[in-house]
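Below is one structure, written out as structure tokens, with a few remarks after it.
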Amino acid sequence: MAEPSFLTAVRESYDTVAAAYVERVPPPAAMDPLSRAMLAGLAELVRTAGPGPGPVADLGCGPGRVTAHLAELGVSAFGVDLSPNMIELARHAHPNLRFTVGSMTALEMGDDELGGILAWYSTHHTPPQWLPAVFAEFHRTLAPGGYLLWGDYVGDERLQPTRGYGQPVSYESYLLPLNRMVDLLEQAGLVVTAKLEQEPGGRANRPRACLLARKPEAP
């Protein structure tokens with residue numbers, strides 16, 4: 001089966017911008033306090049979920065900085081990204097952690113394997129019609145009682161930039177209303193338990209949001 005064109009565009013674009021991304025995007029320590037608090041909350045929930053919680057997958061991990069931040073917060077974390085160049089940078093910077101090339105449309109993980117998933121500004125390049133398949137993969141791979149933390153820009157806009165991080169790109173971005181994201185997660189069988197909405201400010205020139213969701217416990 002041919003790869004969907006949007007995946008090719010994302011991979012090629014992030015392979016192109018990988019080095020510039022590391023230079024221009026601040027590390028977790030420079031995030032706003034609310035975003036850091038949400039990441040800390042995910043880590044604490046996974047740590048205290050019970051004996052032997054599964055690892056946390058950072059999907060769309062880029063150069064691995066947030067993956068490493070999660071590990072510093074006390075959870076077993078690994079990263080997955082579509083871009084081989086991003087994964088190479090992540091492995092070089094964090095040789096003690098596991099990073100693999102992969103797509104969140106078809107995760108190479110077993111059912112009920114993960115204690116948590118982080119999708120941190122990594123789903124907005126996914127066309128809306130593909131989000132049900134992506135969120136179905138989140139549900140499949142999360143263990144019963146496992147947590148998802150999703151964070152991204154929200155709105156009602158399709159963006160088609162020609163440059164990103166100072167380099168040529170061919171990806172597109174799809175900003176959806178927060179309520180639509182909630183609906184899509186719940187249609188995939190995940191229960192949204194918390195919402196955080198933030199207005200534009202600082203480095204962010206668009207509204208953004210975080211959603212915490214959980215896969216229901218097995219009956």
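Within a 6.0 Å sphere centred on CD of Glu44, heavy atoms belonging to other residues, nucleotides or ligands number 12 at most. For Gln160, the CD atom counts as densely surrounded, since its 6.0 Å shell holds more than 12 non-hydrogen atoms of other residues, nucleotides or ligands. Few gaps surround CD on Gln167; more than 12 heavy atoms of other groups in view lie less than 6.0 Å from it. Residue-environment remark: CD (Glu88) stays at or below the threshold of 12 foreign heavy atoms within 6.0 Å.
Clustering ILVMFWY residues whenever any of their side-chain heavy atoms sit less than 4.5 angstrom apart, transitively, puts Tyr153 in a cluster other than the one holding Leu176. Taken together through direct or relayed side-chain contacts under 4.5 Å among Ile, Leu, Val, Met, Phe, Trp and Tyr, Val56 and Leu59 form parts of separate hydrophobic clusters. Following chains of ILVMFWY side-chain contacts shorter than 4.5 Å, one cannot reach Val80 starting from Leu118, and the two form parts of different hydrophobic clusters. Both Leu184 and Val182 sit in one connected hydrophobic cluster of ILVMFWY residues. Membership requires side-chain heavy atoms under 4.5 Å apart, directly or through other members. Hydrophobic clustering, with ILVMFWY side chains joined whenever heavy atoms are under 4.5 angstrom apart, keeps Ile87 apart from Tyr14.
A side-chain donor-acceptor contact under 3.5 Å links Glu137 to the backbone of Leu107. When atom types are taken as modelled, the side chain of Arg36 and the backbone of Met31 share a donor-acceptor pair closer than 3.5 angstrom. Asn85 places a side-chain N or O within donor-acceptor distance of the main-chain N or O of Asp15, the cut-off being under 3.5 Å. Checked by atom type and distance alone, the side chain of Thr141 never pairs as donor or acceptor with a backbone atom of Met109 at under 3.5 Å. For the pair Arg98 (side chain) and Phe78 (backbone), a donor-acceptor distance under 3.5 Å is absent. In this structure, Lys215 contributes its side chain and Leu142 its backbone to a donor-acceptor pair below 3.5 Å.
Annotation for Gly110 and Arg140: closest pair C-NH1, 3.7 Å, computed over non-hydrogen atoms. Minimum heavy-atom separation, Ser13 to Ala9: OG-O, 2.7 Å. Closest non-hydrogen pair, Ala43 versus Leu73, comes out as CB-CB, 3.7 Å. Smallest separation of non-hydrogen atoms from Gly62 and Asp81: N-OD2, 2.7 Å. A pairwise comparison of heavy atoms in Ala136 and Ala188 identifies N-CB, 4.1 Å as the closest pair. Phe99 and Arg91 make their closest contact through O-NH2, 2.8 Å (heavy atoms, listed as atom of the first residue, atom of the second, distance).
A heavy-atom distance below 4.5 Å is found between the side chains of Arg180 and Pro128. Contact check for Phe6 versus His125: no side-chain heavy atoms found under the 4.5 Å cut-off. With a 4.5 Å cut-off on side-chain heavy atoms, Leu196 and Met38 count as touching. Taking the side chain as every heavy atom from C-beta outward, Pro144 and Asp112 approach each other to under 4.5 Å. The side-chain heavy atoms of Leu148 and Leu185, taken from C-beta on, include a pair separated by under 4.5 Å. You'll find the side chain of Ser122 stays beyond 4.5 Å of the side chain of Asp152, heavy atoms only. Residues Met181 and Val192 form no side-chain contact, since every pair of their non-hydrogen atoms from C-beta on lies 4.5 Å or further apart.
In this model, no donor atom of one side chain and acceptor atom of the other lie less than 3.5 Å apart for Tyr165 and Arg24. Side-chain N/O atoms of His124 and Tyr171 include no donor and acceptor closer than 3.5 Å. In this model, no donor atom of one side chain and acceptor atom of the other lie less than 3.5 Å apart for Glu23 and Tyr21. In this structure, a donor-acceptor pair under 3.5 Å is absent between the side chains of Trp130 and Thr105.
Comment: Arg65 does not engage Asp58 in a salt bridge, judged by the lack of any side-chain N to carboxylate O separation of less than 4.0 angstrom. Using a cutoff of 4.0 Å between basic side-chain nitrogens and carboxylate oxygens, Glu3 and Arg11 are scored as salt-bridged.
From Leu39, atom CG reaches atom CD of Glu72 across 11.5 Å, with rounding to the nearest 0.5 Å. Atom CG of Leu45 and atom CG of Leu212 lie 6.0 Å apart (nearest 0.5 Å). From Leu70, atom CG reaches atom CH2 of Trp120 across 9.5 Å, with rounding to the nearest 0.5 Å. With values rounded to the nearest 0.5 angstrom, Glu197 atom CD is found 12.5 Å from Leu34 atom CG. Rounded to the nearest 0.5 angstrom, Arg214 CZ and Leu190 CG are separated by 11.5 Å. Here the CG-OG distance, from Leu7 to Ser103, works out to 4.5 Å after rounding to the nearest 0.5 Å.
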Practice problem: Determine, stepwise, if the pair Glu157 / Arg206 fulfils salt bridge (charged side-chain N to carboxylate O under 4.0 Å, His left out). | Solution: CA-CA 11 Å; Glu157 193 174 4; Arg206 287 182 170 84; 3.5 Å; yes
Practice problem: With side-chain contact (heavy atoms from CB on, under 4.5 Å) as the test, would you mind laying out the steps for Met104 and Leu82 before giving the verdict? | Solution: CA-CA 8 Å; Met104 64 181 73; Leu82 195 58; over 6 Å; no
Quiz item: After noting the C-alpha distance and the side-chain angles of Asp156 and Leu175, does the key distance pass the side-chain contact (heavy atoms from CB on, under 4.5 Å) rule?
Solution: CA-CA 5 Å; Asp156 187 6; Leu175 308 187; over 6 Å; no
